[in-house]
Amino acid sequence: MVKRQDSTLRNSICAKLMEARERTLLLVSPLSDEDLRVQHDPLMSPILWDLGHIAHFEELWLTRNLSGKIEFSEMPGMYNPFEHPRATRAALPLPSLHALIHTAAEIRTDTLAALESADLQSTHPLLAGGFVYNMVLQHEYQHNETILQTLQLKSGEPYRAPRAISAPPGGSDAFDRMVRIDAGEYRIGTDDRAAAYDNERPQHSVSGTAFEIDAAPVTNAAYEQFIADGGYERPELWSDDGRAWLADSGARAPRHWTASNDGWTSRTMDVVAPIAPDHPVCHVCYHEADAYARWADKRLPTEQEWEIAASWNSATSSCQRFPWGDADPTALHANVDQLFFGTAPIGAFEQNVSPLGCYGMIGDVWEWTSSDFTGYPGFAAYPYPEYSEAFFGTDYKVLRGGSWATRPGAIRNTFRNWDYPIRRQIFSGFRCARDV
Ligand SMILES: [Fe+2]
């Protein structure tokens with residue numbers, strides 16, 4: 001029986017590893033050698049670096065460290081992100097795509113050989129439940145989204161995305177509604193050790209006062225009203241840091257928006273179109289989200305509030321893994337997985353509603369929260385402090401929920417992303433909250 005379970009898990013890991021690589025290669029397939037090699041934006045790595053880093057991360061964790069004796073927590077050499085900060089990566093002697101694909105295939109052969117003899121029944125936390133395999137898969141998925149951020153910022157000809165389908169129509173009355181969440185004891189986080197990252201653990205009780213949260217993310221139409229009402233010109237709406245960013249950036253609209261005589265247009269990859277009023281606003285930084293919230297007489301939710309709204313099921317007094325339940329996201333649940341390379345109208349995914357009545361908490365856009373990125377009570381770094389602990393503090397704000405560019409295996413209600421409050425390269429939007 002154990003043998004059969006083992007081989008099912010092995011086969012499933014193997015299939016997921018192959019599928020992840022297929023997607024990575026599909027995403028970069030329209031790109032020229034030059035596009036792969038140059039640094040399109042100082043914030044992003046040359047895409048060849050991402051590809052080499054993905055392969056060598058796999059080598060590090062699925063061969064070298066697989067015994068559980070962690071020799072290195074980051075790979076030695078030019079793909080080590082700490083030794084080679086982003087700004088310096090274009091100067092590295094990166095190999096050709098052809099050579100990289102060859103190296104990645106050799107690494108994969110070793111990975112699969114090691115998987116054959118890996119003890120998947122081990123109680124060692126690295127192997128138990130296939131944790132290290134899930135970690136490496138999620139790493140590749142996350143770099144897929146990073147690559148898409150780079151491609152949105154691409155210099156030269158815009159990226160022609162391998163779109164498969166177009167977004168379903170919307171249809172929701174969620175736009176202006178807020179959902180009331182009563183004061184009480186809730187739980188957030190998870191004790192899952194098979195797929196969750198260290199920063200999502202442990203599950204713990206939180207008590208909160210009553211609040212209201214937007215039933216849907218802030219739309220382009222609503223954000224346009226903020227702009228039209230002078231939102232970017234009214235200092236009282238901005239925090240001190242927000243005002244400094246505003247002065248520095250000169251921003252007057254979300255990134256990739258352009259004003260024309262007929263109103264605003266926005267660009268997603270190679271598609272420039274009038275802004276879709278019923279889509280969530282995308283490519284705003286934390287400061288813009290914060291100023292909008294103040295303008296709307298609201299505030300950003302804390303990540304605790306966000307997670308309660310996404311996951312709490314009062315009927316069972318427990319947390320769900322996703323707004324719709326525990327089933328992994330598919331194309332029926334939410335706008336994730338790069339289905340149509342852009343946001344979808346609010347209401348396009350009927351099942352994407354949490355038990356408390358919030359729409360679209362998974363997919364479309366990452367949502368800024370007001371929370372700094374810190375460890376939960378009882379946090380323990382695993383398997384290496386550089387994954388999250390190194391970033392704890394007041395420099396970063398937490399984003400939740402994943403975007404259209406997030407692969408389904410790299411998102412769940414408990415997943416925590418983080419970035420600097422000035423960043424707009426993320427596929428980021430927000431929803432607001434207020435006290436009651
Ligand atoms: Fe990485």
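The figures that follow rest on heavy atoms only: side chains count, while hydrogens, waters and symmetry mates do not. Worth saying up front: this structure is predicted, and the values here are computed from it rather than measured. Each ligand, and each atom within it, is numbered from 1 in the order the structure gives.
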J.: Output, by chain and residue number, all protein N/O/S atoms separated from the Fe ion (ligand 1) by less than 2.8 Å.
T.: H53 NE2, H139 NE2, H143 NE2

J.: Please collect all salt bridge (charged side-chain N to carboxylate O under 4.0 Å, His left out) contacts where either partner lies in residues 17-38, sequence neighbours excluded, each pair once.
T.: E19-R407, R21-E58, R21-E140, R23-D337, D35-K154

J.: One pair to check against salt bridge (Lys or Arg N to Asp or Glu O under 4.0 Å): R400 and E307. What are the steps and the verdict?
T.: CA-CA 8 Å; R400 293 299 201 103; E307 190 170 324; 2.8 Å; yes

J.: When F373 is tested against each of W418, F391, Y420 for ring-ring contact (aromatic ring centres under 6.0 Å, His included), which residue passes?
T.: W418

J.: What side-chain donor-acceptor pairs closer than 3.5 Å can you find for residues 98-106, not counting sequence neighbours?
T.:
residue, atom, partner, partner atom, Å
H102, NE2, E106, OE2, 3.2
T103, OG1, A99, O, 3.0

J.: Can you confirm if the NZ or CZ of R193 lies within 45° of the ring axis of Y382 and under 6.0 Å from the centre of its six-membered ring?
T.: yes

J.: Tell me every residue that passes salt bridge (charged side-chain N to carboxylate O under 4.0 Å, His left out) with R243, counting only those two or more places apart in sequence or in another chain.
T.: D240

